[in-house]
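Here the structure comes first, spelled out in structure tokens, and everything after it is commentary.
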Amino acid sequence: MFYGSSEKKVFIVRHGEASLKGRNKPYFERMLIERIRKLLRGQSGVEVSREGGLVFVRTDRACQDDEIISGISKVFGVASISPAIEVEADLDAISAAASAFMRDKAEKEGARTFKVEAKRSDKSFPVQSPDIARITGANILRAVESLRVDVNRPDCLLFVNLRKGKAYIYERKIAGFGGLPLGTNGKGLILLSGGIDSPVAAFMMARRGMGIEAVHFHSYPYTGKRALEKTVALAGIVAVYCGRFDMHAVNLLPVQEQLAEKCPEGEMTVLVRRFMMRIAERIAVAAGCGALITGESLGQVASQTAEALAVTDAAAGMPVMRPLIALDKTEIIEKAQAIGTYETSILPYEDCCTVFLPKHPVTKPRLERILASESRLDVEALVAAALESKEVIPIYPGG
Ligand code: ATP
Ligand code: MG
């Protein structure tokens, strides 16, 4: 349905934190706009512009609202989106479009009450906000007899925003993810397993503007092709939000075999983690990543106690970011469902860590003991051999 005078469909996009960035605001806005353009690449006639603190997306009329909104809402930094009617900044034009919109609401959706809220962003417009709301409301009442005003609990809350030369009428504000535009906070390497947690961790750091690259450890042939494919699928879902990236697949089996042979069984988990960190760090440096990202949540399992995490981190020289550290499993699952990774994560393929799972893992490892165990190994040779086995798998949005 079309009510306005504009040739195009219009969507108002509000950015959240980027608007707090002071002198850096234009940079954040540029990055945001670039991402919106990218995610709407498949749509026709897309124009994205910055106008007085808001971002406006215009598309050809043939575009589907749902598809445009779904694209924009995946852009980090977007606080909310409103499909809007654009008319001349003129009270008659506003009333006509608002009335047509409300008639539809009444006839097609059974709306019986409404309220108009107005905001005059262009202070040179001669009528003040409360009057704009009042006049528009009165004209709607005149045009659509079945409607009544309810200022407390209206069926439809209609916004009118008066800007330079144009006015915008909209009802819905669809929430975005918030955060900061991708690429405004460097790049991190996610240690991506096939589980529930690490894809969510990647998403959360990307939401803060961090570009993503991934490393996955497998134990081929103990872990199969299906397990690797599952991780590739998960990475593809993460890429919907953070764009195409590389996933480095590393065979950890030689490391695990050495550890099983030469070290105490209970230390296996933490020792494996330390190797993962070392190998990941080498990959991160080569890929231009400044941080490692993992999906631990404090106390979730034996290797995720504060002591175990400290011993794990001692093997890495880079900051290790753990965005899920204070979340409960149920909260992590909710996030996984919201971003669309959950169903894939729960597919039952084995993970490299389950291959040599100790019966009684140490929950409070001491660094000296761990270092003593590692002194029986040629750590550098094992790391180098693991890196030799590395394959690079390009990951595309949606798989
Ligand atoms: P997830 O759900 O992410 O698999 P988890 O609850 O199974 O996490 P752990 O097995 O203790 O927890 O792993 C902790 C973190 O270590 C993971 O979130 C992930 O970042 C990393 N990790 C574990 N296994 C792998 C793997 N096979 N490849 C890459 N990273 C891994
Ligand atoms: Mg796991």
Side-chain angles (χ1 to χ4, degrees), residues 188-206 212-220 222-224 226-232 234-235 237-238 246-253 255-256 268-284 289 291-309 311-313 315-316 318 320-325 327-333 335-337 339 341-358 361-363 365 386 389-391 393 395:
L189 184 72
I190 176 75
L191 280 74
L192 192 68
S193 70
I196 295 169
D197 305 336
S198 42
V200 177
F203 171 88
M204 287 183 72
M205 293 316 297
I212 295 293
E213 193 149 330
V215 56
H216 172 68
F217 297 98
H218 59 83
S219 310
Y220 191 78
Y222 283 80
T223 58
R226 307 275 291 276
L228 181 63
E229 283 165 7
K230 171 187 171 183
T231 311
V232 171
L234 283 173
I237 302 171
V238 172
D246 282 340
M247 187 174 92
H248 306 261
V250 174
N251 192 342
L252 206 59
L253 188 58
V255 170
Q256 290 171 304
M268 188 74 183
T269 308
V270 71
L271 286 166
V272 166
R273 283 278 180 277
R274 283 168 58 83
F275 271 94
M276 284 187 179
M277 290 295 166
R278 291 187 182 104
I279 297 162
E281 187 168 7
R282 301 282 178 94
I283 295 170
C289 297
L292 303 177
I293 306 166
T294 63
E296 286 107 348
S297 149
L298 192 64
Q300 195 186 82
V301 288
S303 57
Q304 301 183 12
T305 61
E307 292 84 355
L309 293 178
V311 172
T312 302
D313 284 5
M318 251 180 207
V320 182
M321 302 199 166
R322 297 190 166 90
L324 310 184
I325 198 72
L327 295 188
D328 287 355
K329 193 76 190 183
T330 50
E331 293 169 317
I332 300 169
I333 288 173
K335 284 189 188 296
Q337 285 168 332
I339 63 179
T341 51
Y342 183 72
E343 294 301 325
T344 306
S345 285
I346 57 175
L347 294 174
Y349 303 120
E350 68 290 345
D351 181 57
C352 78
C353 300
T354 54
V355 176
F356 294 91
L357 208 60
V362 287
T363 53
S389 79
K390 182 168 79 81
E391 280 174 88
I393 304 172
I395 303 292

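First listed ligand is number 1; within each ligand, the first listed atom is number 1. Quick note: residue numbers are just sequence positions, from 1.
Annotation for ligand 1: atoms under 4.0 Å from non-hydrogen atoms of G195 are 1 (P), 2 (O), 4 (O). Residue I196 has at least one heavy-atom neighbour below 4.0 Å for each of these atoms of ligand 1: 2 (O). Counting the atoms of ligand 1 from 1 in the order shown, those under 4.0 Å from a heavy atom of S303 are 11 (O). Those atoms of ligand 1 that come under 4.0 Å of a heavy atom in V215, given as number and element, are 29 (C). For ligand 1, the atoms lying closer than 4.0 Å to a non-hydrogen atom of Q304 are 6 (O), 9 (P), 11 (O), 12 (O), 14 (C). Taking a cut-off of under 4.0 Å to the non-hydrogen atoms of S193, the atoms of ligand 1 that pass are 1 (P), 3 (O), 4 (O), 23 (C), 24 (N), 25 (C), 26 (C), 28 (N), 29 (C), 30 (N), 31 (C).
R278 places no side-chain N or O within donor-acceptor distance of the main-chain N or O of A315, the cut-off being under 3.5 Å. Under the 3.5 Å distance criterion, the side-chain polar atoms of E296 are left unmatched by any main-chain donor or acceptor of R322. With hydrogens and angles disregarded, no donor-acceptor distance shorter than 3.5 Å links the side chain of S198 to the backbone of G194. The closest donor-acceptor contact from the side chain of T223 to the backbone of H218 lies at 3.5 Å or more, if one exists at all. Without hydrogens or angle criteria, S389 side chain to N251 main chain gives a donor-acceptor distance under 3.5 Å. Of the possible donor and acceptor atoms, one in the side chain of S345 sits under 3.5 Å from a partner among the backbone N and O of G195. A donor-acceptor contact shorter than 3.5 Å links the side chain of S297 to the backbone of L327.
Of the polar atoms of I293, none of the N or O atoms is found under 3.5 Å from an N or O of ligand 1, judged by distance alone.
For T341, the side-chain hydrogen bond (donor to acceptor under 3.5 Å, both in side chains) test picks out no residue, with sequence neighbours left out.
For S198, heavy-atom contacts with ligand 1 shorter than 4.0 Å involve the backbone as well as the side chain. Residue-level proximity to ligand 1 for T269 is absent, since no heavy atom of it falls below 4.0 angstrom. By the criterion of a heavy-atom distance under 4.0 Å, neither the backbone nor the side chain of H218 is placed next to ligand 1. Looking at L192 against ligand 1, only its backbone comes within 4.0 Å, counting heavy atoms.
The protein heavy atom nearest to atom 2 (O) of ligand 1 is D197 N, 2.8 Å. Among all protein heavy atoms, the one lying closest to atom 20 (O) of ligand 1 is L191 O, 2.6 Å. From the protein, the heavy atom lying nearest to atom 15 (C) of ligand 1 is E296 OE2, 3.8 Å. Counting protein heavy atoms only, atom 17 (C) of ligand 1 is closest to G295 N, 3.9 Å. What sits closest to atom 28 (N) of ligand 1 on the protein, heavy atoms only, is F217 N, 3.0 Å.
Residues V238 and F203 have side chains not in contact (no heavy-atom distance under 4.5 Å, counting atoms from C-beta outward). Considering only heavy atoms from C-beta on, R274 comes within 4.5 Å of V311 through its side chain.
Within 4.0 Å of atom 7 (O) of ligand 1, not a single protein heavy atom is present.
Interatomic distance, NZ of K329 versus CG of L324, reported as 8.5 Å (0.5 Å rounding).
By heavy-atom distance, the residue among Q300, R273, M277 lying nearest atom 16 (O) of ligand 1 is R273.
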